[in-house]
Number of protein chains: 2
Amino acid sequence: MPVSPSQHAAPSSDVVAPAPAPRRSVRDEVEQSLRAGLLSGRFVPGHSVTLRGLAQELGVSPMPVREAVRALSAGNALEIRSNGRIQVPQMTPQRLSEILTARLLLEPELALVAAENLDASDAVELRKIDDRVDESLSGGDAETYMQENFAFHFHIYRAAGSQVLMPLVESLWLQFAPFMRTVYGRVGTAALDDHHKEAIDAVRGRDARGLRDAVAADIRCGMELLDRSSGEGLQDA
Amino acid sequence: MPVSPSQHAAPSSDVVAPAPAPRRSVRDEVEQSLRAGLLSGRFVPGHSVTLRGLAQELGVSPMPVREAVRALSAGNALEIRSNGRIQVPQMTPQRLSEILTARLLLEPELALVAAENLDASDAVELRKIDDRVDESLSGGDAETYMQENFAFHFHIYRAAGSQVLMPLVESLWLQFAPFMRTVYGRVGTAALDDHHKEAIDAVRGRDARGLRDAVAADIRCGMELLDRSSGEGLQDA
DNA sequence: TTCGGGCAAATGTGATCACAAATTGGAGGG
DNA sequence: CCCTCCAATTTGTGATCACATTTGCCCGAA
């Protein structure tokens, strides 16, 4: 709660810190917070959020939240209805199908490029992430699972060094993640059969094609899971 | 210049109109204006814009401009540098290559889907648009050319009815359009050899594969043009 | 109990203000 | 003639206010 009527929010930590931060604006922090919330599934499709609500929750003024929400909604990660209200977009069978089509077009290709820049040390890192994925899978912790699964895929994709494809793929993840979370809530995380092991092997063996196919298989697997439980979690209303 | 210290901007037209408008906010108008400026090439890569400058130019307060700029920058259509300044992103050979790769992955597929929903009347409409394309091509009017070329492609893509792929493709166009404009300024618009005629024929004959291939060829053609003049217009600084 | 009607609270939107950081411009010294 | 430094201006950022619209809720009539 800001007390001073003027001034720049003046958080307590930023003043004493040696400022190693390259200059984080409040807006960026809010946006990252929202992205994380979307990607981990804390935001349910159809759930409506408010500017002032988010602002109070994050301890900032509505202003940075406005810009962050605007940025997210530009990528269809949030929806601004005709009456102006903000909500996490509902999922429809058609939209889900389109998202998975787009993922299948972009992500395997991105993995193919990334393979050139991945080495054994990345395989080790991926292995560690995948361990946490499996742990949260067996533990039924859907939220952690989604975070680690995201970390796994994007550790690969990031290696491609693409400043164009990467944001597109991120946009897709932001769109389907909230729905994904509700699906896991219904069918449980045990039904998951990702192809992470094959991907790790491909990275270790520097097999670009293999990595691409593993990613494609992983996406197709998620597609089947969603198809199987299609119609249940869709259109919550 | 708004005179009243309060109130909602109060445009002159909206009050007397029978309100057929579904509720256009000032921010959306600003965003559309910026999109149009980007797509038609009025914004040069590297050119820096200011919030207050755009606001004054459009006759609104800096506020709606802020949100519009934020939305565009979320899709890499505008760049917000570390010092906060806003500018049209520079083009690099790598970035250009990535954009064209992404276009080649998405647009032909989008056209393939769209073909199902396109009929003879669309072929007529596309023909009319393509006439204007040719006209502006021979006339050397690069700005009109870019607008009409955009209209041509997106008349096709829109028919796919995809709410997911479409924004991704739009994002790509917003990214390369400003650079494209500078290329045409150098090599002239005469060097263009689009494959619009083949696309129109494919639409008329309801040949989905043919339409997909025509779109792919069109993109590849632009790729070659850009490759040929590569290194000249890049990194203007 | 159910269905309207109307009032109060909440919400997005646009404008304006204050401030810090950065840019710019020119004056002064080498 | 060129470089350096300082001040004035510009610019993005965050906060706050005012307003129109909408949502939510309670009360009263059928």
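Residue numbers begin at 1 in each chain, while the letters A, B, ... track the order of the sequences.
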Among dA18(D), dG14(D), dA15(C), which nucleotide has an atom closest to any side-chain atom of Val60(B)?
dA15(C)
Separation of Glu67(B) atom CD from dG12(D) atom P, in whole Å?
15 Å
Does Ile80(B) or Pro62(A) map to a spot on DNA chain D nearer the 5' end, using the closest nucleotide for each?
Ile80(B)
Distance (rounded to the nearest 0.5 Å) between Glu143(A) CD and Glu148(A) CD
11.5 Å
Please state how far atom CZ in Arg52(A) lies from atom C1' in dC19(D), giving the value in whole angstrom units.
11 Å
Quick check: Phe179(B) with Phe176(B) (ring centres under 6.0 Å apart)?
no
Per atom distances to the Arg66(B) side chain, the nearest of dG14(D), dT11(C), dT13(C) is dG14(D)
Which nucleotide wins on minimum distance to the side chain of Thr50(A), given the candidates dT11(C), dA15(C), dG14(D)?
dT11(C)
Separation of dT13(D) atom P from Arg81(B) atom CZ, nearest Å, is 14 Å
Looking for any heavy atom pair under 4.0 Å, which part of the strands does Val69(B) touch: base, sugar-phosphate only, or nothing?
nothing
Closest to side chain of Ile86(B), choosing from dG14(C), dG12(D), dA15(D)
dG12(D)
Figure out the CD/P separation between Gln87(A) and dT23(D), and round it to whole Å.
12 Å
Return the nearest nucleotide to the side chain of Val26(B); candidates are dG14(C), dT13(D), dA15(D).
dG14(C)
Where do Ser33(A) and Arg42(A) come nearest, in terms of heavy atoms and distance?
O-NH2, 4.3 Å
According to the interplanar angle, ranging from 0 to 90°, do the rings of His47(A) and Phe43(A) count as parallel (below 30°), tilted (30 to 60°) or perpendicular (above 60°)?
parallel
Candidates dG12(C), dA15(D), dG12(D) - which lies nearest the side chain of Pro64(A)
dA15(D)
Do the charged groups of Glu170(B) and Arg35(B) touch, with an N to O distance under 4.0 Å?
yes
Can you figure out which of dG14(C), dT13(D), dA15(C) approaches the side chain of Leu51(B) most closely?
dT13(D)
Do the side-chain N or O atoms of Arg27(B) get closer than 4.0 angstrom to the phosphate oxygens (OP1, OP2) of dT13(C)?
yes
CD of Glu79(B) versus C1' of dG12(D): gap in Å, rounded?
15 Å
Return whichever of Arg85(A) or Met63(B) has its heavy-atom-nearest nucleotide of DNA chain C closer to the 5' end.
Arg85(A)
Shortest side-chain distance from Asn83(A), nucleotide among dT22(D), dT13(C), dT16(D)
dT22(D)
Could you state the atom-to-atom distance from CG of Leu54(B) to P of dT10(D) in whole Å?
16 Å
How many Å lie between CG on Asp28(A) and P on dT13(D), as a whole number?
8 Å
Once you apply a heavy-atom cut-off of 4.0 Å, does Val49(A) come out as touching a base, just sugar-phosphate, or nothing?
sugar-phosphate
